[in-house]
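Below is one structure; the comments refer to it alone.
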Protein chains: 2
Amino acid sequence: MKADDDDLLPVAGNGLLHRRLFLRGGAGLLGALALLEARPARADGPPDVPPWMKAPGEGMRPYGSRSRHEEHVSRLVGAMPGTTGAGSSRTPLEALEGIITPSALHFERHHAGVPDIDPARHKLLIHGLVERPLVFDVESLSRYPHVSRIRFLECSGNSAPNNAPEPPQQSAGALHGLVSCSEWTGVPLGLLLDETGVRPEARWVVAEGADAAAMSRSVPLQKAFDDALVALYQNGERLRPEQGYPMRLFLPGWEGNMSVKWLRRLKVTATPSMTKDETSKYTDLLPNGEALQFTFPMGVKSVITSPSGTMTMRGPGVYRVSGLAWSGAGRIRRVEVSADGGRTWAEAALDEPVLPKALCRFRIAWRWDGGPAVLQSRAIDETGAVQPTRSALLAERGPSYRYHYHAIQSWAVTPDGEVRNVYA
Amino acid sequence: MKADDDDLLPVAGNGLLHRRLFLRGGAGLLGALALLEARPARADGPPDVPPWMKAPGEGMRPYGSRSRHEEHVSRLVGAMPGTTGAGSSRTPLEALEGIITPSALHFERHHAGVPDIDPARHKLLIHGLVERPLVFDVESLSRYPHVSRIRFLECSGNSAPNNAPEPPQQSAGALHGLVSCSEWTGVPLGLLLDETGVRPEARWVVAEGADAAAMSRSVPLQKAFDDALVALYQNGERLRPEQGYPMRLFLPGWEGNMSVKWLRRLKVTATPSMTKDETSKYTDLLPNGEALQFTFPMGVKSVITSPSGTMTMRGPGVYRVSGLAWSGAGRIRRVEVSADGGRTWAEAALDEPVLPKALCRFRIAWRWDGGPAVLQSRAIDETGAVQPTRSALLAERGPSYRYHYHAIQSWAVTPDGEVRNVYA
C-alpha cells in the first residue's frame, strides 16, 4: 500500500471515504484507487486477437435480448403453495445498477396470476357518483393527454422477512426486492374523472382489476386528482402483461397493491368500499390489538445493494459501496452510510437526477481493513423524515408488524469476508 | 361541438392549443377534451365479466417478456446487401412513449455484426502515451467508482433519408429512428486514464472495438476526461450484446459511432489516428469539395412522433401532439410547434425531468379543423441554438450533406387525414 493516507479523506469510522470519489471523476483521490482490493494487470504488449474478431458477428434483430452469459440474473419467484398464480417475484437488486429497473425484472405480486387480456376487448368503466358514466378502451384513452414520470413502485410487504426473530441469510433482492422503478406513461386520472363529472359528495374511488381475483382497493379521491395515472406504457413500450397490460392504475409513492393492474373499473363513492383486499390483507396489526388501515404512503427507506447479503469480500482494500434510497413522500435529500453499526456516519454521493418518489442511487467508497464491520445506510427525505432503526420501528409497531417495514438494513462483514444480514 | 371556444385557448395558427392541457392535469380545459376526435362511450350498466376473469392466470416468470399482442412493434432492420452484419436497425419512435427506449428496441449500427463475447475472456487495454499501460477486465472495472446517467445516443447518419430529392413516405422511426435514450452506468474514463498516468504530450485517444471490423475512432482527450464512461450497464442490467456487451465507450451528446462498442483498446496519442472509420466514413462533404472531419457533437433537433408519417387521422377534432427533442450541447430549453408550416408557433409542454444530452418528451394539443395543415416542431437548447429549417441547413451544407442532418421535420396533414412527409 503505497498511497499517502492523507489522500484517502476518511470521513467516518471504520474506513468510510469522502463521497468526492464519485463526483466529477474524483480527481485527487488516486491514492484511494491505488488501494483497490484487486489491481488491474500491467500490460506487457499488444492485445491478443480474440476468436470473435476473426469472423463477422450476428446480424441485426427486430427485438433484442440479453447475452446468454447474463441469464443467471432473474426474478426470485415465490409462488404460494397450491396456487398457480398467487405470490410474488422479487427484483434481484444486487445484480442491477442505476435507478431504472428493466421491465423484464420488475417485481410482481399477483393474487390470481396474470390474465391474458385481448387489448381490443378490454374496457375501463368509470361510474358511481358521477354525472356521466363512461367506458374507455385503449383507443379512446390514447387520445387523451399523456404524461411520463419516473417513479418507484413498492409492495407494502417488502422487507417483511426482516421481521423474523433471526435475520434471514438472503440477498438484498430476496429481502428487499419488492421495489422497482420505471418510467410510467399514461393519462392523468383527474382528467378522466373531470370528464365523467364527479358529484360533490364523492370522496373515494374503488379500483378493480380484471384478474380472476378482481383485486380491488379504495383510493381517496384527492390522490386520484393529485398525481394518479392510468398508465399505458412502462419504460417506453406498452405495459408488460405482469404489470397490468393493457392498463393499470398508478399511484406514485403509495403501497403497490393500490396501483391496481389490468384496471377495468373505477367506481366513485362517498366512503371506502372495505374490499376483501383491504380488510383481510394490507392492514397493520398493532401491539394493542388494533389494526391500522389505509396506511398508504411508503416510508423513507434505503438499502445497500453492494456489498450485500450472501456476497463475499475479496480481502482488505477499497470497495465501492452502492445502494438505493426512496420515499413515498417525495425526493431523497440525503443518504448517510455507516461502517461501524451506526456510531458514525458519512454522507454518500447521489446520482443525478434525484426525482420525487423515484429510486435514488447512492454511492460511497469504503476502505475495509479486514476487521469486523457493520454497514448501514440511512435515508432522509425532503420532508425531513429519517429512516428508523429496526429496534425503533418494532418498538413502535410491535413484533407482528408486517407491512411498511422500512427500517435500516445492517450488513455485517466478518473477518472471513462473509456479508451477513444482522439485526444491529 | 358544444364546448365554448373561449375554453380552448388557441395560441398559434391553425388550431394549436395552450400547453396548459398537459400541465397538472389541465383543469379548466374540459372544453378541449369535449372536442376529442372520438368520444368514450356512455356506460349503460355494470361491466361484463370477460373470459380472462373466469380462471386464474399465468404464474410468475423469472424474466418477463411483452404481450403477444405487441409483437408487431419492432426495430426496422436494414442490413447491407451481401453482408451478414453491416447496416442498421431503427427504433420505432412512433410506437413508443416517454424518454427511455426499451433496450430491446434501441437502434443498432454495426460494421461487422454483433460479436459473441465471453465476458470472462474480454479485456480492455489502455496504452500509448501513458506511464503504466494497464489491462482491465469486467471484474477489475467493477471495483471502480460507477456513475449512472440518462443520455441519448444518435447515429450521425440519422435522418439522412430526408436528404433525398423527394420526401420519402416513411414512418418517424424509419426516418429518424437512429436515436435512442437509456440510463447508462459505468466507470468515468478519466479515472482509468489517471490510473495509467497520461503523459503531458497526449491530446487524443483512439478507441477500438472487438468486432471483426475492429471499429476505431479518435477521441479528443478532453472529452475522455469531461464526461466519457466505460459503460457496463444499460437500463439497469448489463449491456445488451448489440450495445457492446460486456463494455462500451459512451460519449454523451457525440455522434454514436464514436461510442465504440465491445471496447477492447484505448491508445493514448498526440494526434488523431485517421482510422478507416473516420476517413472513409463519418466526414461531411461540403459544396466546395472540402470535407468536414471530426464534427463530433450532435445538433439541436426534434421530431413529432404523433401524428407522424404513414399515420391516418380519424376526422376533425382535438389531437394530442407528442414528440422528442434533444441536443448534444446540453438541455432542451424550449420546443415550439407549428400547424401552419412555420408561420406561427406555440410553446409545447416538456415532461420532467429535462436532462442534459437526453431525449426530452414534448406535448401539445391541436384542434384539427379538417383542412390542410403542416405540423412542425422546432427545438431550442440551453446554449440558445435553434433547430434549422431544411432549406437553411442544405443551403449552408450543400445538397450532398449526409451526416448530422438535424433540420425541422414537416408532416403535412391532408384533408383526407393522411400524414405525409413534406419539405416545407
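To find a chain, count down the sequence lines: A is the first, B the second, and so on, and within it residues start at 1.
Between B/D211 and A/M53, the closest heavy-atom pair is O-CE, 3.3 Å. Smallest separation of non-hydrogen atoms from B/V114 and A/G59: CG2-O, 4.4 Å. Nearest heavy atom pair, residue A/L96 against residue B/Y233, reads C-CE2, 4.4 Å.
A salt bridge does not link B/D48 with A/K123: every distance from a Lys NZ or Arg NE/NH1/NH2 to an Asp or Glu carboxylate oxygen is 4.0 Å or more. Comment: A/R314 engages B/E139 in a salt bridge, judged by a side-chain N to carboxylate O separation of less than 4.0 angstrom.
Counting heavy-atom pairs closer than 4.5 Å to chain A, the top-ranked of the candidates B/E208, B/R361, B/R132, B/R265 is B/R132. Of the listed residues (A/K54, A/R121, A/E71, A/Q243), the greatest number of heavy-atom pairs within a distance under 4.5 Å of chain B belongs to A/R121. Chain B forms the most heavy-atom pairs under 4.5 Å with one residue out of A/R42, A/E237, A/H127, and that residue is A/R42. Of all the listed residues (A/E58, A/E97, A/R240), the one sharing the greatest number of non-hydrogen pairs under 4.5 Å with chain B is A/E97. The most heavy-atom pairs under 4.5 Å with chain B, out of A/S103, A/S182, A/A112, come from A/A112. For the set B/P62, B/A120, B/G85, B/A212, the entry with the most heavy-atom pairs within less than 4.5 Å of chain A is B/P62. Note on B/G113, B/G98, B/G57: by heavy-atom pairs under 4.5 Å with chain A, the leading option is B/G57. In terms of non-hydrogen atom pairs under 4.5 Å with chain A, the most contact-rich of B/P51, B/P353, B/G236, B/S89 is B/G236. Comparing A/S142, A/S74, A/A214, A/A210 by heavy-atom pairs within less than 4.5 Å of chain B, the highest count is held by A/A210. Ranked by non-hydrogen atom pairs under 4.5 Å with chain A, the options B/A104, B/P92, B/G78 are led by B/A104. Contact tally against chain A (heavy-atom pairs below 4.5 Å) for B/G64, B/P56, B/P246: the top residue is B/G64. Ranking A/V73, A/L239, A/I117 against chain B, the residue ahead of the rest is A/I117, based on heavy-atom pairs under 4.5 Å.
Atoms CD and CG, from A/E352 and B/L355 in turn, are 9.0 Å apart once rounded to the nearest 0.5 Å. For the atom pair B/M60 CE and A/S88 OG, the distance stands at 6.5 Å (nearest 0.5 Å). To the nearest 0.5 Å, atom OG of residue B/S67 and atom CG of residue A/D116 are 7.0 Å apart. Rounded to the nearest 0.5 Å, atoms CG (A/N235) and CG (B/N235) are 7.0 Å apart.
For the pair B/W52 and A/D118, the minimum side-chain heavy-atom distance is below 4.5 Å. Considering only heavy atoms from C-beta on, A/I99 stays 4.5 Å or farther from B/S148 through its side chain. Residues B/R238 and A/H69 fail the side-chain proximity criterion, which asks for heavy atoms closer than 4.5 Å. The closest side-chain heavy-atom distance from B/R264 to A/P47 is below 4.5 Å.
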- Please walk me through it: do A/V147 and B/D351 pass side chain to side chain contact (heavy atoms under 4.5 Å, CB included)? CA-CA 7 Å; A/V147 296; B/D351 268 347; 4.1 Å; yes
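Checking A/L134, A/L192, A/L124, A/L125 one by one against B/P40, the side chain to side chain contact (heavy atoms under 4.5 Å, CB included) holds for a single residue, A/L134.
When heavy atoms are compared at a cutoff of 4.5 Å, B/R66 approaches chain A by way of both its backbone and its side chain. Within the 4.5 angstrom heavy-atom criterion, only side-chain atoms of B/I150, from C-beta onward, approach chain A. Proximity to chain A is limited to the side chain of B/R68, based on heavy atoms less than 4.5 angstrom apart. In this structure, the portion of B/A55 lying under 4.5 Å from any heavy atom of chain A is its backbone and not its side chain. Residue contact with chain A, scored on non-hydrogen atoms closer than 4.5 Å, involves the backbone of B/A86 exclusively.
Side-chain contact, A/Y245 with B/E70: a donor N or O sits under 3.5 Å from an acceptor N or O. A/H146 and B/R320 share a side-chain donor-acceptor pair at under 3.5 Å.
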